[in-house]
Amino acid sequence: MLLFRFRFRSGPLGGLSFWALPGGALEPGESFADGARRELAEETGLEAPALGPEVAVRRYVMRAPEGDEVDVEERYFRLSVDAFELTTAGRTALEQEILAEHRWWNAEEIGAATDKIYPEDLLEMMAAQ
């Protein structure tokens, strides 16, 4: 799985570091699948014409980088891809600042990781499908 290390150097989340999947907020009127494809293209450069099945839905409250609490609904999609050259050209200024690195992980590596990975039940979520 492709995970990004989010590293907040300043602001309300300053000092926080964790690994998570590509993704982000929806634009007005955008479906979850369309938002996932757009975010994937922005954060990785990969243009996916279609996604695999939706494998999970999560709802929770989190603190946004600006410091406010937001209600979040996330949808997770499975997508298998051939190797590709990741590019950062489409990232927003905030993404350029906080996406410190990326890495491909296998299930064993995720299970043995000492770094924080979100969602915390990523392996169980993916295995259930």
Side-chain angles (χ1 to χ4, degrees):
M1 285 178 250
L2 177 63
L3 298 177
F4 287 107
R5 180 189 297 273
F6 288 74
R7 184 175 293 138
F8 296 88
R9 293 175 178 84
S10 61
L13 301 180
L16 185 62
S17 177
F18 58 87
W19 292 89
L21 296 162
L26 294 177
E27 293 181 354
E30 191 172 46
S31 71
F32 283 96
D34 288 342
R37 280 192 302 276
R38 178 185 49 75
E39 287 287 346
L40 185 64
E42 288 175 3
E43 293 177 4
T44 70
L46 179 65
E47 299 281 344
L51 299 175
E54 183 177 306
V55 298
V57 176
R58 297 171 55 88
R59 292 181 180 91
Y60 58 95
V61 175
M62 67 171 261
R63 185 163 311 282
E66 298 79 16
D68 51 325
E69 288 192 350
V70 294
D71 291 317
V72 176
E73 179 178 346
E74 294 177 335
R75 305 283 177 108
Y76 293 84
F77 298 88
R78 183 180 305 274
L79 177 65
S80 296
V81 298
D82 293 327
F84 69 96
E85 186 69 29
L86 189 137
T87 178
T88 63
R91 291 183 183 171
T92 66
L94 178 61
E95 290 166 342
Q96 292 284 4
E97 178 184 334
I98 65 173
L99 295 179
E101 62 182 298
H102 69 276
R103 181 178 153 203
W104 290 93
W105 299 66
N106 63 36
E108 293 78 24
E109 292 168 329
I110 290 172
T114 56
D115 291 340
K116 182 62 94 177
I117 297 177
Y118 290 113
E120 293 175 340
D121 62 345
L122 178 59
L123 289 180
E124 294 83 4
M125 181 176 69
M126 297 306 288
Q129 300 302 315

Calculate, to the nearest 0.5 Å, the distance between atoms [atom1] and [atom2] belonging to [X] and [Y] respectively.
X      : Y     : atom1 : atom2 : value
Glu66  : Leu13 : CD    : CG    : 8.5 Å
Thr88  : Arg91 : OG1   : CZ    : 5.5 Å
Leu79  : Leu51 : CG    : CG    : 6.0 Å
Thr92  : Ile98 : OG1   : CD1   : 7.5 Å
Phe77  : Arg37 : CZ    : CZ    : 8.0 Å
Trp105 : Leu3  : CH2   : CG    : 6.5 Å

Hydrophobic cluster membership, [X] vs [Y], 4.5 Å side-chain cutoff:
X      : Y      : result
Ile117 : Phe4   : no
Leu123 : Trp19  : yes
Val72  : Tyr118 : no
Tyr60  : Leu26  : no
Leu99  : Met62  : no

Compare every heavy atom of [Y] with every heavy atom of [X], then report the nearest pair and how far apart it is.
X      : Y      : answer
Arg9   : Ala100 : NH2-CB, 4.5 Å
Arg38  : Ala25  : NH2-O, 2.7 Å
Met125 : Pro119 : CE-CG, 3.7 Å
Ser17  : Arg7   : OG-NE, 4.1 Å
Thr87  : Gly45  : CG2-CA, 3.3 Å

*Do Leu86 and Leu2 pass the side chain to side chain contact (heavy atoms under 4.5 Å, CB included) test, and can you show the C-alpha distance, the side-chain angles, and the key distance before you say yes or no?*
CA-CA 11 Å; Leu86 189 137; Leu2 177 63; 4.1 Å; yes
*Any ion pair linking Arg63 and Glu69 (charged N to carboxylate O, less than 4.0 Å)?*
yes
_Can you tell whether the side chains of Asp115 and Arg103 come within less than 4.0 Å, N to carboxylate O?_
no
*With a cut-off of 6.0 Å (strictly less than), are more than 12 heavy atoms of other residues, nucleotides or ligands near CD of Glu85?*
no
Test item: [X] side-chain N/O and [Y] main-chain N/O as donor-acceptor pair under 3.5 Å:
X     : Y      : value
Arg78 : Met126 : yes
Glu73 : Val57  : no
Glu39 : Ala36  : no

*Evaluate the ring planes of Phe18 and Phe6, with Trp represented by its six-membered ring, and classify them as parallel (under 30°), tilted (30 to 60°) or perpendicular (over 60°).*
parallel
*Taking the side chain as every heavy atom from C-beta outward, state whether Ser10 and Glu97 have any atom pair closer than 4.5 Å.*
yes
